[in-house]
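Heads up: the structure comes next, in structure tokens.
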Number of protein chains: 2
Amino acid sequence: MARPKQYNPDTALKNGMETFWHKGFDATSMTNLVDATGLKPGSLYGAFGNKRTFYRKTLEAYAEQMVTQLDEVLTQERPALETLEAFYAFFLNFCVDTPQGCFMVNALFDADIDDQEQLTHIQGLFAQMEQRLKTFFEKAVAEKVPLVSQDPDMLAKIVMTHIYGLRGFAKYRPDQLAALPERLLAMLLCMPTEIHCDPPEK
Amino acid sequence: MARPKQYNPDTALKNGMETFWHKGFDATSMTNLVDATGLKPGSLYGAFGNKRTFYRKTLEAYAEQMVTQLDEVLTQERPALETLEAFYAFFLNFCVDTPQGCFMVNALFDADIDDQEQLTHIQGLFAQMEQRLKTFFEKAVAEKVPLVSQDPDMLAKIVMTHIYGLRGFAKYRPDQLAALPERLLAMLLCMPTEIHCDPPEK
DNA sequence: ATTGTTATTGAATGACTGTTCAAATTTTGC
DNA sequence: GCAAAATTTGAACAGTCATTCAATAACAAT
């Protein structure tokens, strides 16, 4: 029918995502995106609209990736306690592997509070993650895992604060991050970790 | 000796701080700062150097304010448990009163990971806060408050993640924030809150 | 008054911003 | 081979960016 695209839209999206992820929206220029994707301005606008909509699309792609990975961890068949351990271990690795932070968390903090549309969009992406956590905790509570709360809703919220909290700490002191996730998990399980670990007195 | 300043440098700093705080570094233009401070470009550069150094100075002023307020909460003479309650209550209020977030936390997430100088600066500001928390927890541990850990260092780190975590959650779901601080505190105290609050069975 | 010093002013700078568009190019269907 | 449709190209647009600076003004000391 017509001339086919010479570029791969998925690759272009991924390259744009990495640029926005690394630098943030404001610090990323269209020139950066032209360089990163290899597309000329006209093609970029044709494929993704303007800078904001391109940003939005990369963020959506990122969120989808994240939810997929979260599902992989949360829906494996195993005791809920093991799943929780796996989740916190996974998240620690993720923080270590991505010193530029989490694209979604960065986007949340970067978002202009006067831009309600953008804010609502990001909140919606996080709400998907919270929903998965809540569903998981419904099972965990039924399994009688000794959690700090019996309310799946509250537990999901607490884990959300752990996500934000660990991402902040990872940027503040990446070298001291390693021990924290297991501690937060222990607190979620209401276990004063040290009591179990103290060497026995002579 | 010479012509005196017509403006108040402290006021100008405060106005600049509010602008950077609200919009972030990149989204703030020199024109914004000229408008906010009332100073003409030449005066602004004369007083605060360039945009980056102005930003840095406003951030330092903010951090000093914060440390002062933190000290007020942490060094009051009272049982450590009450101080902890006061701290989490204070922080909740602070989050509600500042929907634009915490300037320091915003700055941390905004910071370019390739700009080591800026990152080190921000880390130093947070390190001051962590130090105060650690000192407080040394007293609290000595007081035998039933904390999740006996290590003041670890406790301070946990509270730092709570700060980042609550700030993230406050931007994600401001309407759901209210119940969280007390829950995080309960976890720090190793108290499964609901067990105490469940209505007695008939 | 004059001089030295500092502050104020605002126009000007050159670089970079996001975005557009008409021309050129490449394909498919006939 | 021709027409229709879609993509590519990159120059051009008007606007904004951070920053500079020479001219002007206001003070203190002499």
Side-chain angles (χ1 to χ4, degrees), chain A residues 1-60 106-107 110-112 114-115 117-118 121, chain B residues 1-60 106-107 110-112 114-115 117-118 121:
Chain A
M1 281 260 203
R3 182 176 179 179
K5 284 177 166 44
Q6 286 184 253
Y7 59 90
N8 181 339
D10 291 343
T11 310
L13 189 75
K14 207 183 75 179
N15 290 335
M17 179 180 103
E18 243 133 50
T19 307
F20 277 130
W21 184 359
H22 192 91
K23 303 171 70 103
F25 179 80
D26 282 317
T28 298
S29 68
M30 287 307 294
T31 306
N32 293 149
L33 296 169
V34 165
D35 292 347
T37 60
L39 305 201
K40 300 285 187 290
S43 298
L44 255 181
Y45 277 79
F48 302 108
N50 62 18
K51 190 186 171 189
R52 260 256 106 81
T53 62
F54 190 21
Y55 179 74
R56 178 190 263 257
K57 282 172 184 172
T58 61
L59 195 55
E60 274 164 6
N106 293 351
D110 264 19
D112 181 355
D114 297 330
D115 183 348
E117 189 185 326
Q118 202 208 347
H121 180 234
Chain B
M1 279 265 203
R3 182 175 179 178
K5 285 177 171 34
Q6 288 185 248
Y7 59 88
N8 181 340
D10 291 343
T11 309
L13 190 75
K14 208 184 73 178
N15 290 335
M17 180 181 102
E18 244 131 50
T19 307
F20 277 131
W21 184 0
H22 193 91
K23 303 171 70 106
F25 179 81
D26 282 316
T28 299
S29 69
M30 287 308 293
T31 307
N32 293 149
L33 295 169
V34 165
D35 293 346
T37 59
L39 304 201
K40 299 286 186 291
S43 299
L44 255 180
Y45 277 80
F48 304 108
N50 61 19
K51 189 184 172 189
R52 260 258 106 79
T53 62
F54 190 21
Y55 179 73
R56 178 190 263 256
K57 283 171 185 172
T58 60
L59 195 56
E60 274 164 7
N106 293 352
D110 264 19
D112 181 355
D114 297 329
D115 183 346
E117 190 186 326
Q118 202 208 345
H121 180 235

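So that the names make sense, note that chain A is the first sequence line, chain B the second, and so on, each numbered from 1.
The shortest distance between the side-chain N/O atoms of B:T31 and the OP1/OP2 oxygens of D:dA18 is not below 4.0 Å. In terms of phosphate contacts, A:K5 brings a side-chain nitrogen or oxygen within less than 4.0 Å of OP1 or OP2 of D:dT7. Contact check, A:N50 against C:dG18: no side-chain N or O comes under 4.0 Å of OP1 or OP2. Using a 4.0 Å cut-off, no side-chain N or O of A:S29 falls inside it from OP1 or OP2 of C:dC16.
In this structure, B:K51 contributes its side chain and B:T28 its backbone to a donor-acceptor pair below 3.5 Å. A donor-acceptor pair under 3.5 Å is formed between the side chain of A:N32 and the backbone N or O of A:S29.
For A:P41, the side-chain atoms get nearest to D:dG10 when compared with the rest of C:dA7, D:dT19, D:dG10. Side-chain atoms of A:S43 lie closest to D:dT9 of the nucleotides D:dT9, D:dC17, C:dG10. Nearest to the side chain of A:Y45, among C:dG18, D:dT8, D:dA18, sits C:dG18.
The 5' end of DNA chain D is approached more closely, in terms of each residue's nearest nucleotide, by A:G38 than by the other of A:G38 and B:F25. Sequence order on DNA chain C of the closest nucleotides to A:N32 and A:G42 puts A:N32 first from the 5' end.
Taken together, the paired segments of DNA chain C that extend over three or more consecutive Watson-Crick or G-U pairs, each closer than 3.5 Å at both contacts, are C:1-30 with D:1-30.
Whole-Å rounding puts the B:D26 CG to C:dT17 P distance at 11 Å. One interatomic measurement links the two molecules: NZ of B:K51 to C1' of D:dT16, which rounds to 12 Å at whole-angstrom precision. Between A:D35 atom CG and C:dC16 atom C1' the separation is 13 Å, expressed in whole Å. Across the protein-nucleic acid pair, A:M30 atom CE and D:dC17 atom P stand 18 Å apart, rounded to whole Å. Between the CG atom of A:L39 and the C1' atom of D:dT7 there is a distance of 11 Å, rounded to whole Å. The CZ-P distance, from A:F20 to C:dG18, rounds to 9 Å in whole Å. Between the CZ atom of A:R52 and the P atom of C:dT19 there is a distance of 10 Å, rounded to whole Å. Across the protein-nucleic acid pair, A:L33 atom CG and C:dC16 atom P stand 16 Å apart, rounded to whole Å.
By the 4.5 Å heavy-atom criterion applied to side chains, A:K23 and B:D112 are not counted as neighbours. B:T37 has its side chain out of reach of B:Y7: every pair of non-hydrogen atoms, C-beta onward, lies at least 4.5 Å apart.
If you check every strand for non-hydrogen atoms under 4.0 Å, A:Y7 touches sugar and phosphate atoms only.
B:H22 and A:D114 share a donor-acceptor pair across their side chains, judged by distance under 3.5 Å alone.
Counting heavy atoms of neighbouring residues, nucleotides and ligands inside a 6.0 Å radius, atom NZ of B:K14 does not exceed 12 of them.
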Could you list all N or O pairs between the protein and nucleotides 24-30 of chain D that sit under 3.5 Å apart?
residue	atom	partner	partner atom	Å
D:dA25	N3	B:R3	NH1	3.2
D:dA26	O4'	B:R3	NE	3.2
D:dA28	O4'	B:M1	N	2.4
D:dA28	O3'	B:M1	N	3.2

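Taking every heavy atom of both residues into account, A:A12 and A:F54 meet most closely at O-CZ, 4.0 Å.
Between A:F25 and A:Y55, the ring planes are perpendicular. Angles over 60° get that label, and only those under 30° would be called parallel.
Salt-bridge annotation for B:R56 and B:E117: present, with a side-chain N of the basic residue lying under 4.0 Å from a carboxylate O of the acidic one.
Partners of A:R52 under the side-chain hydrogen bond (donor to acceptor under 3.5 Å, both in side chains) rule, at least two apart in sequence or in another chain, do not exist in this structure.
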